[in-house]
Amino acid sequence: MNTWRISAVAFALACAAGCRTVKDVINDYDAAIASGDYVKPIAETSELAGKSGDTQLLWQLLAGSAMYMADDKDGARRMFDAAEASFARNDTVSVFAQGGEGALAMMTNDRVFSYDGGGQDRIFTCLYKSIDMMASGDAAGARVELNRASRYQANWLYDRRKDIDAAAKKMEEDANAYAKQQKAGSQEDRSRHVAAAMKDSSFCADIKEKCNFDPATSGDLNVLAPKDYMNVYAAHLTGVFRWLNGDSDQNHLRDAAALAPGCATAARDRKELAAGVRPSNQVWIYVEDGLCPCREEWRLDLPLVLIPYLNKYIMYAGMALPYLRFREHGAVSWSVRSGGEAVQMERLADVDALMKTEYDVYMRGALAREITRVIVKASVQVALGVTAENVSDNYTKIALRASQAGAAVWAASVTAADMRCWTSLPKTVKVARVDRPDDGHLEILADAQRIELDLPPGNAIVFVRKPGPLAVPSVKTAVFK
């Protein structure tokens, strides 16, 4: 890295120093949630959720889930309702189509655009609202939210394609405008060089190793299977809820059994519903274990051999991408003791895998956008450098050199990865179904931790959330007469 590039990075870091960043807030939030202190992060995230801005939706989701785990049902519903309103606004106009902050926003980074959430964000928002409603005895409200979750799931592919198309259109518009403004390169040249970068074996190998993302195959919507993006937790819970309320619909339990072929509970439920069995004194236990992956930033230099310009004129050609950091389970072993017998809980949903799919789909567009940004910004530096070298007037030369340096400093200062994501979703979801014992007493064992419940007669669903090994579980119970 030459002197100018070092200066550019130093300048960018100096600009950020002293500020509490989005990532700082998320990191503190995650630490509190993982330890079981569900109340601590509510104040800050709630305050941020009340302010308009490009990350407002994320703060609404984080505040809502902290309230949900703290069993503040009214607060959680209020926050999740606000998130639903944000989702609705984004349905009207894509966050990329909205334009970001200022002209040529796409030439900076993806963080300048509003956080719009992913398919799983919407599905879990509805799930958590429905669970609190079940626990409060509001079956009608729970049904509405589960129906919404099903609709979001059905629209998953359509919504992802819409977002991808909007982002690609905005990228092309801003790149063309910026290059024209700076008299640097054509769209045809840029497209050719982006394609070359995406096919460069060494560069792609680096991306694959660090991000576990293959530019050639990962995130291709045309080859995804339903198991890659369908939330089996939502499907199974919806099916059980409808079954307990006397519905004859078999679609959700059928889907759950197909999506989780190794789950004996899902298979049993589907078989019994199809046979016309009505549950009596049955208890389903769902455990949301651990925390889903969070995003971290990886900064790297785009290999200058991929940039079709005289490299000596390029002062800065860096890029930044997010990668997923996977986190630990809340407990290694989960079992339920009912009437003196212990039943091992089995995995129903791999939320890590669902979030990886969301990440891959995002990265398929984000990588191309980031390479485009680097190439356009580098071409501007080259154009200014070449012009400066070929003018005879010293004042003009100095002005052009200053502009060249300014372009490099600006490029460094806006190079950043979008690390926003709903970090308090679970890592996995486990399930068990047991007979309610005569005395109604159940014990759920999470490693050495014991959760004791006393359930009234009737069918019941128990929801347990344990985000980290040290966390005291959050427990909710819904009883169906």
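Residues: numbered from 1 along the sequence shown.
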Please tell me if the side chains of [X] and [Y] come closer than 4.5 Å, counting only heavy atoms from C-beta onward.
{"X": "Thr415", "Y": "Glu370", "answer": "yes"}
{"X": "Phe463", "Y": "Met134", "answer": "yes"}
{"X": "Cys294", "Y": "Ile26", "answer": "no"}
{"X": "Leu442", "Y": "Leu455", "answer": "yes"}
{"X": "Met319", "Y": "Leu300", "answer": "yes"}
{"X": "Arg270", "Y": "Gln250", "answer": "no"}
{"X": "Gln60", "Y": "Ser46", "answer": "no"}
{"X": "Pro41", "Y": "Leu62", "answer": "no"}

Minimum heavy-atom separation for [X] to [Y], with atom names?
{"X": "Ala235", "Y": "His252", "value": "O-CB, 3.2 Å"}
{"X": "Pro457", "Y": "Lys481", "value": "O-NZ, 4.1 Å"}
{"X": "Met133", "Y": "Ala142", "value": "SD-N, 3.5 Å"}
{"X": "Glu297", "Y": "Ala320", "value": "OE2-CB, 3.9 Å"}
{"X": "Lys73", "Y": "Ala135", "value": "CE-CB, 3.9 Å"}
{"X": "Thr45", "Y": "Trp59", "value": "O-CB, 3.7 Å"}

Mind checking the [atom1]-[atom2] spacing from [X] to [Y]? Nearest 0.5 Å is all I need.
{"X": "Phe87", "Y": "Asp116", "atom1": "CZ", "atom2": "CG", "answer": "8.5 Å"}
{"X": "Asn459", "Y": "Leu244", "atom1": "CG", "atom2": "CG", "answer": "5.0 Å"}
{"X": "Asp121", "Y": "Cys126", "atom1": "CG", "atom2": "SG", "answer": "11.0 Å"}

[X] with [Y]: basic N within carboxylate O range, under 4.0 Å:
{"X": "Lys129", "Y": "Asp132", "result": "no"}
{"X": "Asp30", "Y": "Arg327", "result": "yes"}
{"X": "Asp228", "Y": "Lys356", "result": "no"}
{"X": "Arg373", "Y": "Asp110", "result": "yes"}
{"X": "Asp418", "Y": "Lys23", "result": "no"}
{"X": "Glu47", "Y": "Lys51", "result": "yes"}

May I ask you to decide if [Y]'s main-chain N or O and [X]'s side chain share a donor-acceptor pair within less than 3.5 Å?
{"X": "Glu296", "Y": "Arg325", "value": "no"}
{"X": "Arg278", "Y": "Leu273", "value": "no"}
{"X": "Asp214", "Y": "Lys208", "value": "no"}
{"X": "Gln120", "Y": "Leu354", "value": "no"}
{"X": "Thr21", "Y": "Asp24", "value": "yes"}
{"X": "Ser474", "Y": "Met69", "value": "yes"}
{"X": "Asp447", "Y": "Val332", "value": "yes"}
{"X": "Ser130", "Y": "Leu127", "value": "yes"}
{"X": "Lys466", "Y": "Pro469", "value": "yes"}
{"X": "Arg122", "Y": "Ala149", "value": "no"}

*Run the numbers on Leu367 and Ile207 for side chain to side chain contact (heavy atoms under 4.5 Å, CB included), then give the verdict.*
CA-CA 9 Å; Leu367 179 58; Ile207 300 293; 4.2 Å; yes

*Got more than 12 heavy atoms from elsewhere within 6.0 Å of CD, Glu209?*
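Not buried by this count: 12 neighbours or fewer within 6.0 Å.
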
*Should we say atom CG of Asp454 is surrounded by more than 12 heavy atoms from elsewhere, each under 6.0 Å from it?*
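Atom CG in Asp454 is packed in, count exceeds 12.
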
*For a ring-ring contact (aromatic ring centres under 6.0 Å, His included) with Tyr229, tell me which candidate from Tyr359, Trp156, Tyr152 qualifies.*
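The single option meeting the ring-ring contact (aromatic ring centres under 6.0 Å, His included) with Tyr229 is Trp156.
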
*asked:* side chain to side chain donor-acceptor pair (under 3.5 Å), that's the test. Do Arg160 and Asn155 meet it? Break it down for me.
replied: CA-CA 9 Å; Arg160 301 292 77 71; Asn155 291 341; over 6 Å; no

*Taking it one step at a time, do Tyr29 and Ser65 satisfy side chain to side chain donor-acceptor pair (under 3.5 Å)?*
CA-CA 11 Å; Tyr29 175 96; Ser65 57; 2.8 Å; yes

*Going through the distances and angles, do Asp54 and Arg111 end up as a side chain to side chain contact (heavy atoms under 4.5 Å, CB included)?*
CA-CA 8 Å; Asp54 52 30; Arg111 295 196 317 200; over 6 Å; no

*Can a cation-pi geometry be assigned to Arg295 and Tyr362, taking NZ or CZ under 6.0 Å from the six-membered ring centre and within 45° of the ring axis?*
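So Arg295 does make the cation-pi contact.
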
*Just say parallel, tilted or perpendicular for the rings of Phe80 and Trp422, cut-offs at 30° and 60°.*
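The arrangement is tilted - the two ring planes meet at 30° to 60°.
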
*Please lay out, stage by stage, how Thr265 and Glu346 fare under the test side chain to side chain donor-acceptor pair (under 3.5 Å).*
CA-CA 8 Å; Thr265 300; Glu346 50 188 342; 2.6 Å; yes

_Testing the 3.5 Å rule here: is there a donor-acceptor pair between the side chains of Asn147 and Ser150?_
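Ser150 and Asn147 do not have a side-chain donor-acceptor pair below 3.5 Å.
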
*asked:* Testing the 3.5 Å rule here: is there a donor-acceptor pair between the side chains of Ser86 and Gln56?
replied: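 No, Gln56 and Ser86 have no side-chain donor paired with an acceptor closer than 3.5 Å.
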
*Could you go step by step and tell me if Arg337 and Glu341 meet the salt bridge (Lys or Arg N to Asp or Glu O under 4.0 Å) rule?*
CA-CA 5 Å; Arg337 185 174 293 278; Glu341 295 185 3; over 6 Å; no

Output side-chain donor-acceptor pairs under 3.5 Å for residues 282-291, partner residues at least two apart or in another chain, one line each.
{"unit_1": "Gln282", "atom_1": "OE1", "unit_2": "Arg433", "atom_2": "NE", "d": "3.0"}
{"unit_1": "Gln282", "atom_1": "OE1", "unit_2": "Arg433", "atom_2": "NH2", "d": "3.3"}
{"unit_1": "Gln282", "atom_1": "NE2", "unit_2": "Ser280", "atom_2": "O", "d": "3.2"}
{"unit_1": "Gln282", "atom_1": "NE2", "unit_2": "Asp435", "atom_2": "OD1", "d": "2.8"}
{"unit_1": "Trp284", "atom_1": "NE1", "unit_2": "Asp269", "atom_2": "OD2", "d": "3.0"}
{"unit_1": "Tyr286", "atom_1": "OH", "unit_2": "His236", "atom_2": "ND1", "d": "2.7"}
{"unit_1": "Glu288", "atom_1": "OE1", "unit_2": "Tyr128", "atom_2": "OH", "d": "2.6"}
{"unit_1": "Glu288", "atom_1": "OE2", "unit_2": "Tyr233", "atom_2": "OH", "d": "2.9"}
{"unit_1": "Asp289", "atom_1": "OD1", "unit_2": "Gly330", "atom_2": "N", "d": "3.1"}
{"unit_1": "Asp289", "atom_1": "OD1", "unit_2": "Ala331", "atom_2": "N", "d": "2.9"}
{"unit_1": "Asp289", "atom_1": "OD1", "unit_2": "Trp334", "atom_2": "NE1", "d": "3.0"}
{"unit_1": "Asp289", "atom_1": "OD2", "unit_2": "His329", "atom_2": "ND1", "d": "2.7"}
{"unit_1": "Asp289", "atom_1": "OD2", "unit_2": "Gly330", "atom_2": "N", "d": "3.1"}

_Intermediate values then yes/no, side chain to side chain donor-acceptor pair (under 3.5 Å), Arg242 and Asn245_ = CA-CA 5 Å; Arg242 291 186 174 188; Asn245 282 280; over 6 Å; no

*Less than 6.0 Å separating the ring centroids of Trp298 and Tyr323?*
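For Trp298 and Tyr323, the ring centres are not under 6.0 Å apart.
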
*Quick one: do Lys476 and Asp71 satisfy salt bridge (Lys or Arg N to Asp or Glu O under 4.0 Å)? Show the steps, please.*
CA-CA 8 Å; Lys476 301 174 188 283; Asp71 205 28; 2.8 Å; yes

